[in-house]
Amino acid sequence: MEDILQKQFFSAELLQWYGRSKRDLPWRRNKNPYYIWVSEIMLQQTRVDTVIPYFHRFIEKFPTVAALSHAPEEEVLKAWEGLGYYSRARNLQSAVREVHEQYNGIVPSAKADISALKGVGPYTAGAILSIAYNQPEPAVDGNVMRVLSRYFLLEEDIAKASTRISIERLAQELIPAGEAGDFNQALMELGATVCTPRAPQCLTCPVLEHCAGRLAGRAEELPLKTKAKPPRPERRAVALVEGSGAHAGRLLIRQRPQDGLLARMWELPHAELPLAAAAGEGAAAPARGTRRRSGRASAPEESHDAVMTFLQERLAAADGIGIVPMEWIMNAEHAFSHIHWDMLVYRCRYAAVSNLMLPPNYRWLDLAEMEQYAFPNVFLRIISDYKLMYTTD
DNA sequence: AATACGGGGTT
DNA sequence: AACCCAGTATT
């Protein structure tokens, strides 16, 4: 089939299919550029079903550019809690403030302007320009690269930046006149619902008959992509420090540094442990998953003693915090894309602080006041399991 | 070009 | 357990 005809068929059929198959998503109810922007940032590396409840809460809390501009950063971070990639939230607020101040609150429609905003890369710029302003800009994400790799049987490695550029060029050619927003969304929608990474539903695909990957019997092996490196393992000892006296019923928490992993999020105090020896049972070899104390036989008390001493010393040395670990209560693990945490959690007693004052990044947390602090999911799980243990035991 | 940066769903 | 996702910023 002629190259040109294959492209025209694709664009026309895909657009028609979208017209009858598109999902009713909260950010599709109007073309408010601020809504589109918020949704696109949330959707970076995140599935639609995960985003929907966050989007509703976020827009309710910060309905306009002005509202988000004036919000305290902690509230924005709290609204993002559990969504991951927290720099997205900080960059979004920073960029929204820029729009508030430099563009009179109007999301810019010039490519150079919008691309200059923090957190707005080539995909997001194209998505906002096409969806909110119907400009003929490509919006190439993982879905689009997969769909086009299959339909046109492209064998470039989609992990390479050069491939994204060439697919952007192709995607732009395919945009039907005046239909940029719907076409770009159609492309992503097809990738998310039909042309899925594995087990694609080719038989229901609107462009099946001219899909080169399918015709070659190679749809499932596309796109080509070099594998990511496996995450590096880390072991951490976590202190669940119970307050007493004036702080009875509270837990000791601390805020992470301004930059880097989980920047400015709150967490339980913890310390990195040396990696266990590969062979044999190292000290307190981590078990899999989060488990309650009663759910399994404890690891030998011996090894936990060593870890507890280590934890006590590390927190004293690093933060000047005096705690006394009393018993192992659970293991937890958490997988980031680049790090894997195996965590040993210990119930601790608060002893003292060297100078009687808590360091500035520490707080006593009332379990009823969790809404004031944004925690990464791994610590929410640990705290939740802890509460369960002490209300049912 | 490679790495940092979360978290969860699917197979 | 592997794979991958409506990516961007930094180095």
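First the proteins, then the strands, lettered A, B, ... as listed; each starts at 1.
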*Could you check whether A:Lys160 gets within reach of a base, just the sugar-phosphate, or nothing at all, counting any heavy atom under 4.0 Å?*
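Here A:Lys160 touches no strand at all.
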
*asked:* For a quick check of understanding: with a heavy-atom distance under 4.0 Å over all strands, which category does A:Gly82 fall into, base, sugar-phosphate or nothing?
replied: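 Sugar-phosphate, no base atom in range.
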
*Comparing A:Lys229 and A:Arg88 on DNA chain B - which has the more 5′ nearest nucleotide*: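 Nearest nucleotide further toward 5': that of A:Lys229.
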
*asked:* On DNA chain B, compare the nucleotides closest to A:Ala161 and A:Ser337; which residue's is nearer the 5' end?
replied: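 Nearest-nucleotide comparison on DNA chain B picks A:Ala161.
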
Can you check whether [X] has a side-chain N or O nearer than 4.0 Å to OP1 or OP2 of [N]?
X        : N      : result
A:Lys118 : C:dT10 : no
A:His338 : B:dT3  : no
A:Asn377 : B:dG8  : yes
A:Lys227 : C:dC3  : yes
A:His334 : B:dG7  : yes

Looking only at the side chain of [X] (C-beta and beyond, no hydrogens), which of the listed nucleotides [options] gets closest?
X        : options              : value
A:Tyr85  : C:dC5, B:dG6, C:dA6  : B:dG6
A:Arg146 : C:dA2, C:dA6, B:dC5  : C:dA6
A:Pro197 : C:dA6, C:dC4, B:dG6  : C:dC4
A:Tyr123 : C:dG7, C:dA9, B:dG6  : C:dG7
A:Ala192 : C:dG7, B:dG7, C:dA6  : C:dA6
A:Arg28  : C:dA6, B:dA4, C:dG7  : C:dA6
A:Arg198 : B:dT10, C:dG7, B:dG8 : B:dT10

*Does the pair A:Arg381/A:Asp385 count as a salt bridge with the N-to-O cut at 4.0 Å?*
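A salt bridge is absent here (no side-chain N lies under 4.0 Å from a carboxylate O).
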
*Could A:Lys78 and A:Glu74 be called an ion pair, given the rule that one side-chain N must be under 4.0 Å from one carboxylate O?*
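No salt bridge links A:Lys78 with A:Glu74.
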
*asked:* Quick check on salt bridge (Lys or Arg N to Asp or Glu O under 4.0 Å): which of A:Lys160, A:Arg218, A:Arg150 does A:Glu155 satisfy it with?
replied: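 The passing option is A:Arg218.
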
*Look at the side chain of A:Ser39 and the backbone N and O of A:Ile36, then say whether any donor-acceptor pair between them is shorter than 3.5 Å.*
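Answer holds: yes.
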
*asked:* Would the base of B:dA1 count as contacting A:Arg164 through its side chain, where contact means a donor and an acceptor less than 3.5 Å apart?
replied: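 Answer no: no donor N or O sits under 3.5 Å from an acceptor.
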
*DNA chain C: A:Ser39 or A:Val120, which has the more 5' nearest nucleotide?*
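In this pair, the answer is A:Ser39.
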
_Euclidean distance, atom CD of residue A:Glu221 to atom C1' of C:dC3 [Å, nearest integer]_ =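 Rounded to whole Å, this separation is 16 Å.
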
